[in-house]
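We number each residue from 1, following the sequence as shown. All values derive from a computational prediction rather than experimental measurement.
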Amino acid sequence: MKKPLLLKLLLIGLTCSPLRSQPANVAVERSGIATGLTEPIAVYNDWSSYDELSDHIPLTEELAMRELDNVIRLKKDGVRIDYYVMDAFWFDIDGGYRIWNKQNWPAGPERWLKACKAAGVKPGLWFSTNLIKAGGRPMLHVIREWQDSATPDHATLSLFEGGYLDHLMQTLQMYADQGFKMFKFDFAYFDAATALAKENTLPAEIEELNKRAFIQAIKKFRAKNPEIIFIGFNGFGGDMENTTAPFRKTIDPRWLEIFDTLYSGDPRISDVPMMNFWRSEDLYSDHMVRQFAFNGLPLSRIDNCAFMIGKTGTCYQRGMAAWKGELILTLARGGWLNVYHGNLELIDDENAGWFAKVQKTYMQLQQYGHTAPFGAIPGTGMPYGYCSQTAEGCLFTVVNPSQSNRTIALPETISEGGYVLYHDEGFEPEIESHSVTLGAEQLAVIGFGKYAAGQTKWESDQDIHIPQRIESLQADAEVTGNHTAIVKVNPLAGMNIRILLSQCDADGKPFRSWGGAPPDGVKMNEFLSITASQGKQNLPVRIEYDKMIWCGLSWAAGQINAADVDGQQPVQITCAAKDGEAKYFKINIYATS
C-alpha cells in the first residue's frame, strides 16, 4: 500500500459530524500483516486493584486469583469480559521477564493461567518497552543478554544495539506458546542508546533507529503470531499532561502498523474546574480522545483507558464513586478495546446487571453502527458529546461541563420522539426537536428510534447531583497577599454558593500543583484552599478534591449550603494557593439550588 493511500485511510472518520459516513474501524496492512481489531472486545486489567507506582499495594498471586474469581462471577451475571491482562510488576527483578516475582508468585503463573483457560478468558501480559529503572529504583536488573544494550545509567535499553530486543521477542514467543493472547507495551524511550552510539549518532537518528528496530521486530513476531493483540501505552505519542495545550501532531502513524490500539492517557483530572470532581476526570478522557482523533486515529483504535474503580492511589481511591457515568462515557467514546480496571469485587450482582445492560447496548453500537464526536473540544468547558448511529436508531451521549444550563444542538436528521435513557440526578434534561437542554456539569444519554421505543431508564448511581438552577454572582476579587485573594458576595435567598478557583500563570493558563501520591503524599486542599465566613462566623465549605492526586491539580471547587448562610449579610470567601500568584487567579462564584 502506498503512503498517500495509508494517510487517506488514517484520516477517514475524523469529522466531528456523526452524520458523515465513516468506517467503524480502519485496518492498516504492511507485508500482508493487518492491524486493528476485527470486532469490539472487553478486557479486564488488574491495575488499580493494586498499585506499586502511585501507592504501595503489591501485585500477588492471591490478588490476581481473587480478581479472576470476580471476572468469572461477573461473566455469569452477563458482563462481557474476554481477556484478563496482568499489568506491571508480575516479573522478578533478576529474571529478564522470564521469571515471575518469586515472592509474590512462588510457583509462577500456572494456577492463574489454568483458571483463565478454564473460564474461557484469554490471558494478557504487560511489558515495559525499554525502561528498566523508574523513580531512582530498578524495575529490572540488566541480565547478561541485555548488557550490550544498556544505557550508561542503566535506566533504559537500546532497541537497535545489543541483544535486548532479540531476547525480548524470544520471551514474547515463549509466552505466546503458553497461551497469552495480548501484550501491552508501556514506557517506550526512543532516545535510549549506549555510550558509544551517543558519541557517534545524532539524537534524531537514534530515535529513528530505535523506532525502526522495534517496528520491524513486532511485525516479524505478528507475522508468526497473527492472533496476538498488541496495545500501546506510554511513550507512543500524545500530549497527556493537561487539557489546555493546543492540539498538535505527536503520534507517529507507523504505530498503527504494529499496534491494534493506542491508549490516550490514564484517567486524570482535567483543568476544567467542577464541583463534581469525578466529572472533571471524565472530561480529561473525553479531551484526550479528541486529541488522538486529531492525530489521525479512528475512534475504534483509541483506548481511552478511563474506567478505573478501586482502592488505590492511581484511581484516587474512588471506590465505586460515580461509576455509572464513568462506564457510560468509556463505552460511548467508540473505542473497540473496552477496558475495565480495578477492584471488581466492588461491583455487586445488582450493579453487574446494570453494567451488563449498558455494556451490551454500546458494544452493539460499536460493532454495527458508527460513532463520531460532536460539539466543542472538551477542554474548552463547553458542551460536547458522541453520536452512535445505526439504521435502526441512534444514541447521543452528551456532556455539559459548563456552569450554566445549556441547550446543545443535535444533528438535524434525527427523528422525533427522543427518550432520555440516563441522566445525573437533579436537573431534568429537556428534549426539543433537535436539541437537548442539560444542567451544569450534567451527563445524559438520549435515544432515538430503536433506542427510544419501549426503553426504560438506566438508574443513576446518585453520586453526582445537578442543580435545578444556577446563575453567576457578581464578585470582584481583592488580592490581599501573594497567594491569597478575598471575594465578597451577596447571597441569594435559599440558594447555595458555588466557588470555582483556577490557579493560572501570567498568560492566564491553568497550571498544576503536585502533592505526591499515597500513602505519603499531601492532599490537594493543602495546596489550593477555599474558606468562607460571615462576620465572625466561619461557614462550612463542602469540597471533593481533598485527595492525594498523583497527576496534580490546577483548581479548587467548593460549595456553601444555603442553610448555613444568613441571607441578609455578605459572605467573605478566601481563596489561597500555595504555588499560584493571587493576581492571576480566576475566581467565579455562582448561586445554585
Side-chain angles (χ1 to χ4, degrees), residues 45-47 50-64 85-110 112-113 123-178 180 183-199 206-207 209-211 213-214 217-218 221 230 232-236 313-314 517 520:
N45 182 300
D46 55 15
W47 185 256
Y50 72 98
D51 182 357
E52 299 186 33
L53 291 177
S54 302
D55 214 326
H56 293 170
I57 300 175
L59 170 61
T60 64
E61 181 180 11
E62 179 185 7
L63 181 148
V85 173
M86 187 72 64
D87 212 273
F89 305 114
W90 52 268
F91 44 83
D92 191 82
I93 194 170
D94 294 311
Y97 287 127
R98 297 191 179 182
I99 300 172
W100 285 55
N101 184 300
K102 294 174 185 176
Q103 178 178 348
N104 296 331
W105 295 82
E110 285 74 17
W112 175 79
L113 269 175
L125 208 53
W126 179 99
F127 290 89
S128 172
T129 306
N130 63 338
L131 178 73
I132 58 173
K133 182 188 291 185
R137 65 183 182 94
M139 294 190 297
L140 287 154
H141 290 144
V142 176
I143 60 172
R144 177 177 54 82
E145 293 88 343
W146 300 356
Q147 287 176 355
D148 51 359
S149 299
T151 56
D153 60 1
H154 280 203
T156 54
L157 298 167
S158 175
L159 298 165
F160 68 94
E161 305 169 89
Y164 168 67
L165 186 57
D166 284 344
H167 186 269
L168 179 62
M169 291 302 107
Q170 293 168 21
T171 303
L172 293 187
Q173 190 62 57
M174 181 185 82
Y175 286 117
D177 293 343
Q178 291 178 15
F180 284 88
F183 295 134
K184 169 181 172 179
F185 274 89
D186 207 349
F187 300 146
Y189 286 81
F190 295 107
D191 59 350
T194 64
L196 180 61
K198 287 193 173 183
E199 290 175 4
I206 288 173
E207 179 176 343
L209 287 167
N210 273 314
K211 285 184 176 182
F214 186 68
I218 298 297
F221 181 91
F230 279 79
F233 267 61
N234 291 291
F236 298 100
T314 197
D520 304 318

Chemist: Can a side-chain donor-acceptor contact be found between D177 and Q173 if the only test is distance below 3.5 angstrom?
Modeler: yes
Chemist: Residues in side chain to side chain donor-acceptor pair (under 3.5 Å) with E61, at least two apart?
Modeler: R111
Chemist: Which is it for Y50 and T60 under the side-chain contact (heavy atoms from CB on, under 4.5 Å) test, yes or no, and what are the steps along the way?
Modeler: CA-CA 9 Å; Y50 72 98; T60 64; over 6 Å; no
Chemist: Identify the heavy atoms of A192 and T156 that sit nearest to each other, and give their distance.
Modeler: CB-OG1, 3.5 Å
Chemist: For W47 and W126, what are the C-alpha separation, side-chain angles and deciding distance, and is it a side-chain contact (heavy atoms from CB on, under 4.5 Å)?
Modeler: CA-CA 10 Å; W47 185 256; W126 179 99; over 6 Å; no
Chemist: Rounded to the nearest 0.5 Å, how far apart are CG of D153 and CD1 of I132?
Modeler: 8.5 Å
Chemist: Just one of F127, Y164, F89 clears the ring-ring contact (aromatic ring centres under 6.0 Å, His included) bar with Y97, so which one?
Modeler: F127
Chemist: As a quick check of understanding, evaluate side-chain contact (heavy atoms from CB on, under 4.5 Å) for D51 and L53, giving each step before the final call.
Modeler: CA-CA 6 Å; D51 182 357; L53 291 177; 4.0 Å; yes
Chemist: Check G163 against S149 and note the closest heavy-atom contact, atom names and distance.
Modeler: N-OG, 3.2 Å
Chemist: Report the C-alpha distance between F91 and W105 in whole Å, list the side-chain angles of each, state the deciding distance to 0.1 Å, and finish with yes or no for ring pair (Phe, Tyr, Trp, His ring centres under 6.0 Å).
Modeler: CA-CA 9 Å; F91 44 83; W105 295 82; over 10 Å; no
Chemist: Quick one: are M169 and I218 in side-chain contact, heavy atoms under 4.5 Å?
Modeler: yes
Chemist: Can you see which heavy atom on L59 is nearest to which on A88, and at what distance?
Modeler: CD2-O, 3.7 Å
Chemist: Quick check: closest heavy atoms across A213 and L165, and the distance to 0.1 Å?
Modeler: O-CD2, 3.4 Å
Chemist: For the residue pair Y175 and W90, categorise the inter-ring angle as parallel (less than 30°), tilted (30 to 60°) or perpendicular (more than 60°).
Modeler: perpendicular
Chemist: For residues W112 and G124, report the shortest heavy-atom separation together with the two atoms involved.
Modeler: CH2-O, 4.1 Å
Chemist: List the atom pairs, with distances to 0.1 Å, where a side-chain N or O of residues 136-146 and a protein N or O form a donor-acceptor pair under 3.5 Å, not counting sequence neighbours.
Modeler:
unit_1	atom_1	unit_2	atom_2	d
R137	NH2	E52	O	3.3
H141	ND1	D94	OD1	2.6
W146	NE1	H167	ND1	3.1

Chemist: Between S54 and T314, what is the shortest heavy-atom contact and its length?
Modeler: CB-N, 3.8 Å
Chemist: For residues F180 and L172, determine if any side-chain heavy atom of one lies less than 4.5 Å from a side-chain heavy atom of the other.
Modeler: no
Chemist: Any chance you could measure L125, atom CG, to F185, atom CZ, to the nearest 0.5 Å?
Modeler: 9.5 Å
Chemist: Identify, with sequence neighbours excluded, every residue that meets side-chain contact (heavy atoms from CB on, under 4.5 Å) alongside E161.
Modeler: S158, A193, T194, A197
Chemist: Please step through side-chain contact (heavy atoms from CB on, under 4.5 Å) for the pair T129 and F187, ending with a clear verdict.
Modeler: CA-CA 6 Å; T129 306; F187 300 146; 5.7 Å; no
